[in-house]
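Only this structure's heavy atoms are used, side chains among them; waters, hydrogens and symmetry mates stay out.
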Amino acid sequence: MASVDTAPMGCSFLTTTPASTFAPEDFSADEQLMVATAEQFSRKEVLPIAERLEKQEEGLMPALVRKAGALGFCGPDAPEAYGGLGLSRALAARLLEYLSLNPSLSVTIGVTSGIGQVGLTLFGSEEQKRQYLPRLTSGEWIGAYALSEPNSGSDALSASAKAERRGDRWVLNGTKMWISNAKWADLFLVMAKTGGGGLSGFLVERGYPGVSVSREEYKLGLKGSSTARLVLDDAEVPLENLLYEEGLGHQVAFNALNLGRFKLSAMCQGPAREAMGLAAAYSLDRKQFGQPVASFGLIRKKFAQMAFLFYGAESMMYRTGGLIDSAFRREAGCGIDGNKRAAEEFSVEASACKVFASEVQAFIVDEALQCYGGYGYTEEFPIARLYRDARISRIYEGTNEISRVFMSSRWARRTREGRAELRTAGDSFLSELLGKAVAQPFDDQIRAGAISDLMMLGFVEQSSRLRAARCGGLQPALYSALLNWVNVRAAEAYQVVTGQAVSLPAPAPFDWDQIALAVLERKGPAV
Amino acid sequence: MKILVPVKRVVDPFAKVRPTPDGFGIDTTGQKFEINPFDEIAIEEAVRMRERDPAVDVTVVSIGGPECEEQLRKALAIGADRALLIETDRTYDPPSVAAELAALAADLKPDLILMGKQATDDDCNQVGQMLAAKLDWPQATFASKIERAEGSLTVTRETDTGEETLELPLPCVVTADLRLNEPRYIALPGIIKARSKPLERRPPAAQPKPRTRLIKAEAPPPRSAGRKLASVDELFAALKGKGVI
């Protein structure tokens, strides 16, 4: 692995430029072989049965999860002692990216290997981990995460599900809403309020008395995945199934989401990758005015734009993977407190990944559908499904709005705690703008959101710049195209914060056709 | 039982290749490389035999530069026990490969050499046969089924006129055809395990003496556009007009 950000801290990208950052090019040959297995699995086992998965054919998805588990996909980054493979989180994300060519599968696997498991990995007792993790990592059991309720989504701490200690057990009551995997999950990580009013986490087996799952939601997309309510009606949970400490469940819940948001960005990249490839193949094939539509300038421009935005998202998210891995290495052996610090350290970066990657995914599936013309609007081609499936990415695991509130407020909070500085290096146009913007108050959501946009764009720009400089090839051209785009967005955000106009620097030169042709030749991302 | 599986590194069979500008070879810049798919079938078959009988030992061997390690590691990840790289930067034609493998067989004394029937890059389909001749071992080419018995193998081979079943005493050479099996997905735990399996490098036993020389490599001519015909009669007339029928 190349040298990565030295002793990095969360938000430090704002004030310093590291010598180098982790990038997908740093995966070793055998790590790439693992990724190839993930892609093969998607292409041969999943995509051919996409329509049957959509219909939720009985037993089909759980069987696929077991197959995936046998190959190692249900706990790649879980500790080896509990049946995981102990791989890096960056690599686990790469695997998930390639398992996401069909998003219904990836949300199922993403939840059972991610937020449905990581709370246990980070906060579980030895006994709890020994009992449950091997079942989840093997794919024998499917996991789920139950935090949201009918009246508490983004405002998670206002949950009304209650847990009461009665004799030798906990008794849980309440309804959990939009629970991914509910239909086939064997184990739920449930958040409920206990005596002191705080949230507590519980490991709830499906078979416990009083646990039931109500009807499936009829969703816009991800129809092959299960989303339903978990109903707890005097549900009886053994005392030892309290996860971590009573009243500290919010730490479990939020730290699972910190890592979950990073992984979700991989689940945005995979479908975007597939959409780009499908649209490229279609555009080369479809002829109008006697030539393939891929030869027209406005279609090529779409491919170039998809490619540089994808590149930006990819550069930032694998850098973040490397950062999260470095935090876990630093905290290795420090127990649950260490896990907490590691999961929290890069929560701003992880949120930036989730927001940016989900918005890039939205752009890519939309433009990819456009390449299909009228056919794109029919269910005859798989692009319509990818379009529908993408919509949830900006909503779940923290809406992009709550994430935008979070990023800048967490930067301010870290500054108050002495773990960051509310200033920027000012070494680029964007960094300079952000430096000026944060000097102003941003206590309303609109300004705070714009500051978050500037932070996110700065992170994308810097991550891509460092990667392009190191890897060369077509990457500097992708970076130039991205830089121009980023600067325009930054000027807009700056205007929102300050009410001031700002003149843009001269655009970096690049060739639209060069980037588009790379996408068309590779039938996928340009690099 | 000791099985030796020769493995060739080839350009991704699904990739588009171009001749080098000087026409003396194939331009491999930026290309992905894979295990020759027929060799992968041979590895899979050997590994399945080992899974049925732990006394089986599977060695994979490549002849080539250090880059071949990538394919050998992959073979180890599929389940081979050990790998051997005969390190060389020279060009080998099929007789040279057969000679080098024969020398290796004299040293390792495998009971079975199981290999792809041909490589997808040059499609020669010669090494297995030449190797059997050099070793004076029985051979079964184009195998679609292999069954083990005490001291022998029963091999079903695909021929133009149907299936043929042979019984061969060990040691022998068997070449794998497409339908012998379907190679597995390489499980992640297998890839991790492969990291600690032995990969030995050794120099070639002899220098290759190629008897053939590549004079020219050319891309196939671009296909000219076809034309749509309205009826069978029209097709019939067109074919007749071209003198095809």
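Residue contact with chain A, scored on non-hydrogen atoms closer than 4.5 Å, is absent for B:Ala194. For A:Ala38, no part lies under 4.5 angstrom from a heavy atom of chain B.
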For chain B and chain A, what donor-acceptor pairs lie under 3.5 Å, backbone included?
| residue | atom | partner | partner atom | Å |
| --- | --- | --- | --- | --- |
| B:Tyr185 | OH | A:Glu45 | OE2 | 2.7 |
| B:Ile186 | O | A:Thr37 | OG1 | 2.8 |
| B:Leu188 | N | A:Leu71 | O | 2.8 |
| B:Arg195 | NE | A:Asp30 | OD2 | 2.6 |

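Residues passing the side-chain contact (heavy atoms from CB on, under 4.5 Å) test with B:Ala176, sequence neighbours excluded: B:Ile41, B:Ala42, B:Leu180. By the salt bridge (Lys or Arg N to Asp or Glu O under 4.0 Å) test, B:Glu200 pairs with B:Arg202, sequence neighbours left out.
Considering only heavy atoms from C-beta on, B:Ile186 stays 4.5 Å or farther from A:Leu71 through its side chain.
Listed by first and then second residue, the side chain to side chain donor-acceptor pair (under 3.5 Å) pairs that reach into residues 78-87 of chain B are B:Arg50-B:Asp81, B:Asp57-B:Arg82, sequence neighbours excluded.
Counting non-hydrogen atoms of other residues, nucleotides and ligands closer than 6.0 Å to CZ of B:Phe236 gives a total of 12 or fewer. Annotation: B:Lys145, atom NZ; neighbour count of heavy atoms from other residues, nucleotides and ligands within 6.0 Å does not exceed 12.
Of all non-hydrogen atoms in A:Ala70 and B:Ala187, the two that sit nearest each other are O-CB, 4.1 Å.
Of the options A:Leu85, A:Leu87, A:Leu33, a side chain to side chain contact (heavy atoms under 4.5 Å, CB included) to B:Ile191 is made by A:Leu33 and by none of the others.
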